[in-house]
Protein chains: 2
Amino acid sequence: MQADMREPDSTQGVITMLQAIGGKWKPLILFILLNEGTKRFGQLRRQLTNITQGMLTNQLRELEQDGLIVRRVYQEIPPKVEYELSEHGRTLKTVLGEMCTWGYRHLDFLNGEKVSAGPSER
Amino acid sequence: MQADMREPDSTQGVITMLQAIGGKWKPLILFILLNEGTKRFGQLRRQLTNITQGMLTNQLRELEQDGLIVRRVYQEIPPKVEYELSEHGRTLKTVLGEMCTWGYRHLDFLNGEKVSAGPSER
DNA sequence: CGGTATCCTAATTGATACTG
DNA sequence: CAGTATCAATTAGGATACCG
């Protein structure tokens, strides 16, 4: 760990990270590809139940342009397109894993530590 | 490490994480408080050079409500308000550190690896 | 099946002015 | 100094229809 900490106090690294995978769907797409490997367009669409075709296409294109995923097109009928993490995309494994782990820890915090903080009336 | 991985394949953890610190400024605010400790309102405002008063107040309030930071008000003239990470907020150290590290790695990738990676024939 | 194009709404963001 | 309130601008996100 700590392979590269040239400016630990600078927000530059965090800013770059947010620009690359900061959207609403990108972390989820990357997380699925990381855990389940290569996926077809339709498979991703089914798993991200609330996403629309247009949004999924858009997010996948941006991830591809950032070099995080690879798009493989099979020239056949019916069409078949597969997506998978690139070599560089796989370096996200640690970050995404930590994000997931902390998310669960935060859920515990919200459920356990806040017993005296009344229901969320909205 | 890997203290809690109850559903590694589920996106639940990532979703929770995004809801808690998913904004544009929150990771930066938390990162600064993590690395530099307690900060006054004006200090944060100076470091986040592009943020407006309203935005900073809004983000700090949400972070406070999520139990990630602590707001300490000094009843004096002129007013003085300090912010610092809560106990729970400090558990973000690993995640934020990984985010920063990966961001720098991504910068290297964008600047260096792309000279020979021309197979993106679209 | 896997897109693309268009339009639309809602959430973020930012500038400005005012207050205790 | 540290807010609060308001409004305008931008952007992200989403529904629908059509195409190769």
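All chains are named by letter (A, B, ...) in the order of the sequence lines, taking the proteins before the strands, and each is independently numbered beginning at 1. Just so it is clear, the model here is predicted, and its values are computed rather than measured.
- Between Y83(A) and F41(A), the ring planes are tilted. Angles from 30° to 60° get that label.
- Contact footprint of chain A on DNA chain D: nucleotides with an atom under 4.0 Å from a non-hydrogen protein atom, first to last in 5' to 3' order, dG13(D) to dG20(D).
- One atom, CD of Q75(A), and another, C1' of dG3(C), lie 13 Å apart when rounded to the nearest Å.
- Across every non-hydrogen atom of G103(A) and T16(B), the tightest pair is O-CG2, 3.5 Å.
- Atom CG of L48(B) and atom P of dT12(C) are 18 Å apart (whole Å).
- Applying the side-chain hydrogen bond (donor to acceptor under 3.5 Å, both in side chains) test to E62(A) and every residue at least two apart in sequence or in another chain returns K26(A).
- Annotation: R72(B), atom CZ; neighbour count of heavy atoms from other residues, nucleotides and ligands within 6.0 Å does not exceed 12.
- Separating the CG atom of N58(A) from the P atom of dT4(C) is a distance of 10 Å, rounded to the nearest angstrom.
- The residue R40(A) sits close only to the backbone: its heavy atoms come under 4.0 Å of sugar-phosphate atoms, none of a base.
- Partners of E87(B) by side-chain hydrogen bond (donor to acceptor under 3.5 Å, both in side chains), not counting sequence neighbours, listed by chain and number: R90(B).
- Contacts between residues 16-25 of chain B and DNA chain D, defined by a heavy-atom separation below 4.0 Å, involve no residue at all.
- Counting to the nearest Å, the C1' atom of dT13(C) and the CG atom of L60(B) are 16 Å from each other.
- With hydrogens and angles left out, the side-chain atoms of Q47(A) and E36(A) include a donor and acceptor closer than 3.5 Å.
- Atom CZ of R61(B) sits in a crowded spot, with more than 12 heavy atoms from other residues, nucleotides or ligands closer than 6.0 Å.
- The two residues D66(A) and A20(A) have their closest heavy-atom pair at OD2-O, 3.9 Å.
- The closest side-chain donor-acceptor pair between T94(B) and W102(A), if any, does not fall under 3.5 angstrom.
- Distance, E62(B) CD to dA11(C) C1': 12 Å, rounded to whole Å.
- Atom CZ of F41(A) is separated from atom C1' of dC1(C) by 9 Å (rounded to the nearest Å).
- Residues M17(B) and M99(A) share a closest heavy-atom pair of CB-O, 3.7 Å.
- Atom-to-atom, OH of Y74(A) to P of dG3(C) comes out at 13 Å; the value is rounded to the nearest Å.
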Problem - Stepwise salt bridge (charged side-chain N to carboxylate O under 4.0 Å, His left out) check, E82(A) with K39(A) - result: CA-CA 5 Å; E82(A) 287 181 340; K39(A) 287 277 178 183; over 6 Å; no
Practice task
Give the B/S/- string for nucleotides 15-20 of chain C, one per nucleotide from 5' to 3', where a protein heavy atom under 4.0 Å of the base yields B, of only the sugar-phosphate yields S, and otherwise -.
Solution key: B----B
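- In this structure, the CD atom of E82(A) is 12 Å from the P atom of dG3(C), given to the nearest Å.
- Taking the side chain as every heavy atom from C-beta outward, S10(B) and Y104(A) approach each other to under 4.5 Å.
- In this structure, K80(B) places its NZ atom where more than 12 heavy-atom neighbours from other residues, nucleotides or ligands lie under 6.0 Å away.
- Nucleic acid contact class of Y83(A) (heavy atoms, under 4.0 Å, all strands): sugar-phosphate only.
- Note on the helix from dC1(C)-dG20(D) to dG20(C)-dC1(D): angle between the axes of the first and last five pairs equals 40°, rounded to 10 degrees.
- Partner V14(B) forms a side-chain contact (heavy atoms from CB on, under 4.5 Å) with one of L96(A), L30(A), L28(A) and no other, that one being L28(A).
- For dG2(C), the OP1/OP2 oxygens have no side-chain nitrogen or oxygen of R72(A) closer than 4.0 Å.
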